[in-house]
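Atoms considered below: every heavy atom in the structure, side chains included; atoms not considered: hydrogens, waters and symmetry mates. Just so it is clear: chains get the letters A, B, ... in the order the sequence lines come, proteins before strands, and each one is counted from 1.
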Protein chains: 2
Amino acid sequence: MARVRMRDVAEHAGVSVRTVSNVVNGYSHVSPDTRSKVQRSLDELGYRMDYLARGLRSGRTGFIALAVPFVAEPYFAELAEAVIRAAGRRDITVLIESTAGDSEVERRILEGGLTNVADGVLLSALTLPASDIATKKPDFPLVMLGEHSVGDQFPRVGIDNVEAARTAVEHLLGQGCRRIVALGRNGSENGRQRTEGYERAMSAARVRRVNWMVVPVEDWTRDQGYAAVRELLEGDGPLPDAIFAFNDALAVGALRALDASGVRVPEDVAVAGIDAIQESAYTHPPLTSIAPDLDVIAERALALLEEQMQSPNAPEQSPPAEVPREESAAPAIVEDTPFRLVIRDSSAWSPKTP
Amino acid sequence: MARVRMRDVAEHAGVSVRTVSNVVNGYSHVSPDTRSKVQRSLDELGYRMDYLARGLRSGRTGFIALAVPFVAEPYFAELAEAVIRAAGRRDITVLIESTAGDSEVERRILEGGLTNVADGVLLSALTLPASDIATKKPDFPLVMLGEHSVGDQFPRVGIDNVEAARTAVEHLLGQGCRRIVALGRNGSENGRQRTEGYERAMSAARVRRVNWMVVPVEDWTRDQGYAAVRELLEGDGPLPDAIFAFNDALAVGALRALDASGVRVPEDVAVAGIDAIQESAYTHPPLTSIAPDLDVIAERALALLEEQMQSPNAPEQSPPAEVPREESAAPAIVEDTPFRLVIRDSSAWSPKTP
DNA sequence: ACAGGACCTTGCAACGATGCAAAAGATCAC
DNA sequence: GTGATCTTTTGCATCGTTGCAAGGTCCTGT
């Protein structure tokens, strides 16, 4: 059975191809009679739209692309799930692309590598250096997820990383901890911001600088968290009384290392993370974490994307710019979405179940 | 800057559109002179292929679709990552679709809902009832992942679930466990097979039937594993001495429930799972599990898919079938891929680190 | 000098759908 | 009955690319 095209349906129903198209697209001026006749043929032949062909002609594919560094990282997987849910409510299909944390791939996406196949792009950039972001000005709908890009010339949706980190550290301070390790600084902007949140909280609590401690890692993964804490424990410095991990994956690794060394959590060392991935409710002990509202992030990101997709964009016929157009662009859209502090046993003494 | 088309490049370089196409596609009979001239224009104008248009004309999009029940389930996320890696080696882009475990969506995919946009489909079906699978005969390249479908008329790649389960249970038996609970039966074929593996192992070890125990769940998720074990512990029956969870997510939930109740693992109850998701190396204690080789699965699946994509398929002009074509189809291709038993502390007394 | 190739380049039509605008038919006021 | 208006249906061109096959040009061997 070869592919059924509109032409086939048209012949079967005895109408023109255009009329079939009208029925399929719910055009209003079609007589009920014709509509049902066509619909019957449609069903009978099992017609399915060729989205490629439609996309070619109409410029709309019905797809959006979501680019994340690693699909298998729980946070990104859960984010993807939220985006898929939100897109489903809008009859949009999500195409997920993995950048493998490669800045080359991220650059290619910024330059439009996915625009032919997707109407818009959600990019969760990991490594993209500020310089690249600053110079590019994409001519297609794009929304950045989660990362405060320096220039902020693209719309961005995500939690305020500084505030999130500060909230977590404040909580640990509130539990009486003072020697708090910040685990996870790396080259990323995100890492910088979470470091800043840590410093602000420590500073505000007047913790002596000698007790500050920032431990670098390469990636925000379980094994890096494990290795870093392992090293920390083997060192000869005094033990910290808390670990603030920049994400839950690091925290999971940290918990494992502490457990393996017989360090009690939270009695000896309290632990908190960021992301509140599902896994974090099942660690030993369950992990205190900052929970971004992924559904809100996805919803807002899609709304912003749709806004851009609807605006004519007017790339060519824009009237001669009055202002020389140098950085006179619209003010950056930066949406900070809400987050919650989820307190679990890893930082508190009132046991809870997942 | 509007979209740059081949026509624009052709004009800029002073050649025909077709020649540009030839250069872009690496056609061999192009003079070095022309090639470099075109290449220069290509770069200068920043040309990017419109994959939609190419796909429309040539029938090849360069995409394959991977449909999994839930992107956020670690096993599927890791599987997706493996598929993406394998596809990357072949210059294929993977489009990930989430079926949300909805058999309606799975059916739609089997009927070809993704064929316009993808050259082939990898489907990891969860709920698809045998009846549906049995009656459909897709006219596009399709490979099933992981699930032994009853009819097995589609190529399938994955571990032998019966053997995998048997291996895990044999290991627990080898540790001296006898009252082993199988955790995770549900309506799925996969669940049936893992139950069978459990039963075979128990039977072979001559464990008295009164000690067999199969606990049903709805989904193979952490919370279901937690709830089921919680219930088990609250019941008045004697405690099991081991839990064999049908996947690691269930095992993670089980471990948490045991931990919360103060049951020691593995001293009181040993635990083993299937999948060996990354998370399983970081549980308390680290989880013994069956590790399928995801890279092999992905690699073999793509190879089978490419085989189908290359074969002409000849759906219409096939010579009048000598045999009435009823179920005389080619023998099922079922590739069982290797797996390993990864022994960690949850079932053994020789401590290991992740 | 010329047929036969090999090499390079090109024009045309087509993939399956929709934008556009006009044609055909129906309805109504006067 | 006639034009005006509204509804319903249609034909044609077109989106950006590649398949096909032909048209050149330049060797090569005889």
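Taking atom CE of Met6(B) as the reference point, atom P of dG19(D) lies 11 Å away to the nearest angstrom. Atoms OH (Tyr51(B)) and C1' (dG16(D)) sit 13 Å apart, rounded to a whole Å. Counting to the nearest Å, the P atom of dG16(C) and the CZ atom of Arg48(A) are 13 Å from each other. For Arg7(B) and dC15(D), the CZ to C1' distance is 10 Å, given to the nearest whole Å. Regarding Leu52(B), its CG atom lies at a distance of 22 Å from the P atom of dA14(C), rounded to whole Å. Look at CZ on Arg57(B): it is 6 Å from C1' on dC15(C), rounded to the nearest Å. As a whole-Å value, the separation of Tyr27(A) OH from dA21(C) C1' is 11 Å. With rounding to whole Å, His29(A) atom NE2 is found 17 Å from dA22(C) atom P.
Checked against dA17(C), dT9(C), dT8(D), the side chain of Arg5(A) finds its nearest nucleotide in dA17(C).
Not one side-chain nitrogen or oxygen of Ser58(B) sits closer than 4.0 Å to the OP1 or OP2 atom of dT18(D). For Arg54(A) and dT18(C), the shortest distance from a side-chain N or O to OP1 or OP2 is below 4.0 Å. Residue Ser21(A) places at least one side-chain N or O closer than 4.0 Å to OP1 or OP2 of dT18(C).
Within 4.0 Å (heavy atoms only), Asn22(A) reaches at least one base atom of the nucleic acid. At a threshold of 4.0 angstrom between heavy atoms, the contacts of Val24(A) with the nucleic acid are absent. Here Tyr47(A) lies in heavy-atom contact (under 4.0 Å) with sugar-phosphate atoms only. At the heavy-atom level, Ser31(A) lies under 4.0 Å from the strands shown only through sugar-phosphate atoms.
Across all non-hydrogen atoms, the minimal contact from His12(A) to Ser41(A) is ND1-OG, 2.8 Å. Closest approach of Ala86(A) and Glu299(A) over heavy atoms only: CB-OE1, 3.8 Å.
The number of heavy atoms from other shown groups lying within 6.0 Å of OH (Tyr47(A)) is above 12. Within a 6.0 Å radius of CG in Asp33(A), no more than 12 heavy atoms belonging to other residues, nucleotides or ligands are found.
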Derivation and outcome, salt bridge (charged side-chain N to carboxylate O under 4.0 Å, His left out), residues Arg5(B) and Asp50(B): CA-CA 8 Å; Arg5(B) 295 154 304 171; Asp50(B) 183 332; over 6 Å; no
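Of the two residues contacting DNA chain C, namely Leu56(B) and Arg18(B), the nearest-nucleotide position lying further toward the 5' end is that of Arg18(B).
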